Asks: 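There's a structure below that I have some questions on.
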Amino acid sequence: RLDPTAAFDEAEHHTERALELRPRDAEALATLALINLDRGGYQSHAGTDPLPSYERVAATFATLAELQPGDPTSLVNLGIASEAMLEHLVRSDQGDPEAMAARATAALESSLAINPNLYWTHAFLGAVQVALARLCQRRDTDPTVYLDAALPSLQRAVQLSPNDPRALRS
């Protein structure tokens, strides 16, 4: 199997070099976050710990949210990164998934306050609730409250993007 670690390292190196020249460059910061989001996804599927990569993603998107306070995109991306960490914590039975869910929800709700019509915000608010339902199943507790909470967000995501196959998968 192909190991993209060297490609991630090289891309990160060049992006960090760009940030040395322009530390507040939003595009470079977003690129750095996305490199680490992809790295974390690969690590998760390869069986290595993705949390350091996901934490770096979250920190980078939090910085972007501070630099662009009226733009919901960085908040959505912070929520997506936090939801990815939540999924890993639930699967690996480690850390504090409830705290991660709260972090994801806070970022996504902040994005919702800026723009209530973003597909990704609603889809990932639902995904956080579904992840908490999975956590309940792992703990042999009733997941109904989380599944009930997920439904309106997922339905809104489908309404906002009815022809998007990702929305229908939600």
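Computed from a predicted model, the values in this text were never measured in an experiment. Just so you know, residue 1 is the first one in the sequence shown, and it goes up from there. Atoms considered below: every heavy atom in the structure, side chains included; atoms not considered: hydrogens, waters and symmetry mates.
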Asks: Check the pair Tyr42 / Thr5 against side chain to side chain contact (heavy atoms under 4.5 Å, CB included), numbers first and verdict last.
Replies: CA-CA 9 Å; Tyr42 169 75; Thr5 302; 4.1 Å; yes

Asks: Assigning hydrophobic clusters by single linkage (Ile, Leu, Val, Met, Phe, Trp, Tyr; side-chain heavy-atom cutoff under 4.5 Å), is Val57 placed with Leu51?
Replies: yes

Asks: Could you pull out the closest heavy-atom pair between Asn115 and Pro72, with the gap in Å?
Replies: CB-CG, 4.1 Å

Asks: Do side-chain atoms of Ser161 reach the backbone of Tyr119 as a donor and acceptor pair under 3.5 angstrom?
Replies: no

Asks: Please step through side chain to side chain contact (heavy atoms under 4.5 Å, CB included) for the pair Val130 and Tyr146, ending with a clear verdict.
Replies: CA-CA 6 Å; Val130 170; Tyr146 296 111; over 6 Å; no

Asks: I need the minimum non-hydrogen distance between Leu37 and Ala81, along with the two atoms involved.
Replies: CD1-CA, 4.4 Å

Asks: So if you build clusters from Ile, Leu, Val, Met, Phe, Trp, Tyr with side-chain heavy-atom gaps below 4.5 Å, do Val76 and Leu34 land together?
Replies: yes

Asks: Taking Arg56 for its side chain and Asn36 for its backbone only, find out whether a donor-acceptor pair lies under 3.5 Å.
Replies: no

Asks: Any side-chain donor paired with an acceptor under 3.5 Å for Gln43 and Ser53?
Replies: yes

Asks: Just do the side chain to side chain contact (heavy atoms under 4.5 Å, CB included) check on Thr105 and Leu125 with the steps written out, would you?
Replies: CA-CA 6 Å; Thr105 300; Leu125 277 169; 4.2 Å; yes

Asks: Which heavy atom of Asp25 sits nearest a heavy atom of Ala28, and at what distance?
Replies: OD1-N, 2.7 Å

Asks: Dump the intermediate steps for side chain to side chain contact (heavy atoms under 4.5 Å, CB included) on Asp142 and Cys136, then the final yes or no.
Replies: CA-CA 6 Å; Asp142 185 9; Cys136 285; over 6 Å; no

Asks: Output yes when a side-chain donor or acceptor of Thr63 lies under 3.5 Å from a complementary backbone atom of Ala59, and no otherwise.
Replies: yes

Asks: Would you find more than 12 non-hydrogen atoms of other residues, nucleotides or ligands less than 6.0 Å from Arg22 atom CZ?
Replies: no

Asks: Using a 3.5 Å distance criterion without hydrogens, assess whether the side chain of Tyr54 forms a donor-acceptor pair with backbone atoms of His88.
Replies: no

Asks: Would you call Glu98 and Arg139 a salt bridge, using N to O less than 4.0 angstrom?
Replies: yes

Asks: Counting only heavy atoms not in Arg91, do more than 12 fall under 6.0 Å of its CZ?
Replies: yes

Asks: If you measure from CG on Asn77 to OG1 on Thr60, what distance do you get to the nearest 0.5 Å?
Replies: 11.0 Å

Asks: In Å, rounded to the nearest 0.5 Å, how long is the span from CG of Leu112 to CG of Leu75?
Replies: 11.0 Å

Asks: Transitively linked via ILVMFWY side-chain contacts under 4.5 Å: Leu19 with Phe61?
Replies: yes

Asks: Taking atom CG of Leu86 and atom CZ of Arg134, what is their separation to the nearest 0.5 Å?
Replies: 9.0 Å

Asks: Indicate if Leu151 and Val128 have the same hydrophobic cluster label, given that clusters are the connected sets of ILVMFWY residues with side-chain heavy-atom separations under 4.5 angstrom.
Replies: no

Asks: Taking all atoms of both residues into account, what is the closest heavy-atom pair of Ser82 and Met100, and its distance?
Replies: O-CG, 3.2 Å

Asks: Would you confirm whether His122, through its side chain, and Pro116, through its main-chain N or O, come within 3.5 Å as a donor-acceptor pair?
Replies: yes

Asks: Rounded at 0.5 Å granularity, tell me how far CG in Leu78 sits from CG in Leu64.
Replies: 10.0 Å

Asks: Consider only side-chain heavy atoms of I, L, V, M, F, W and Y, link residues closer than 4.5 Å, and tell whether Val90 and Val145 are in one cluster.
Replies: yes

Asks: Could you check whether any side-chain heavy atom of His13 comes within less than 4.5 Å of a side-chain heavy atom of Glu10, counting everything from C-beta outward?
Replies: no

Asks: If I compare all heavy atoms of Asp148 with all of Pro152, which pair ends up nearest, and what's the gap?
Replies: O-CD, 3.2 Å

Asks: Could you check whether any side-chain heavy atom of Asp96 comes within less than 4.5 Å of a side-chain heavy atom of Leu89, counting everything from C-beta outward?
Replies: no

Asks: Hey, could you give me each pair passing salt bridge (Lys or Arg N to Asp or Glu O under 4.0 Å) that has a residue in residues 39-54? Not counting sequence neighbours.
Replies: Asp9-Arg39, Glu12-Arg39

Asks: Tell me, do Leu118 and Thr73 make a side-chain contact under 4.5 Å, heavy atoms counted?
Replies: no

Asks: Can you confirm whether more than 12 heavy atoms, excluding those of Gln94, are under 6.0 Å from its CD atom?
Replies: yes

Asks: Measure the spacing between CD1 of Ile35 and CZ of Phe8 and express it to the nearest 0.5 Å.
Replies: 9.0 Å

Asks: How close do Pro143 and Ala133 get, counting heavy atoms only, and between which atoms?
Replies: CB-O, 3.4 Å

Asks: Going by distance alone, is a donor N or O of one side chain under 3.5 Å from an acceptor N or O of the other, for Ser111 and Thr121?
Replies: yes

Asks: Answer yes or no: is there a donor N or O on one side and an acceptor on the other, between the side chain of Ser44 and the main chain of Gly40, under 3.5 Å?
Replies: no

Asks: When rounded to the nearest 0.5 angstrom, what is the spacing between CZ in Arg24 and CD in Gln68?
Replies: 10.0 Å

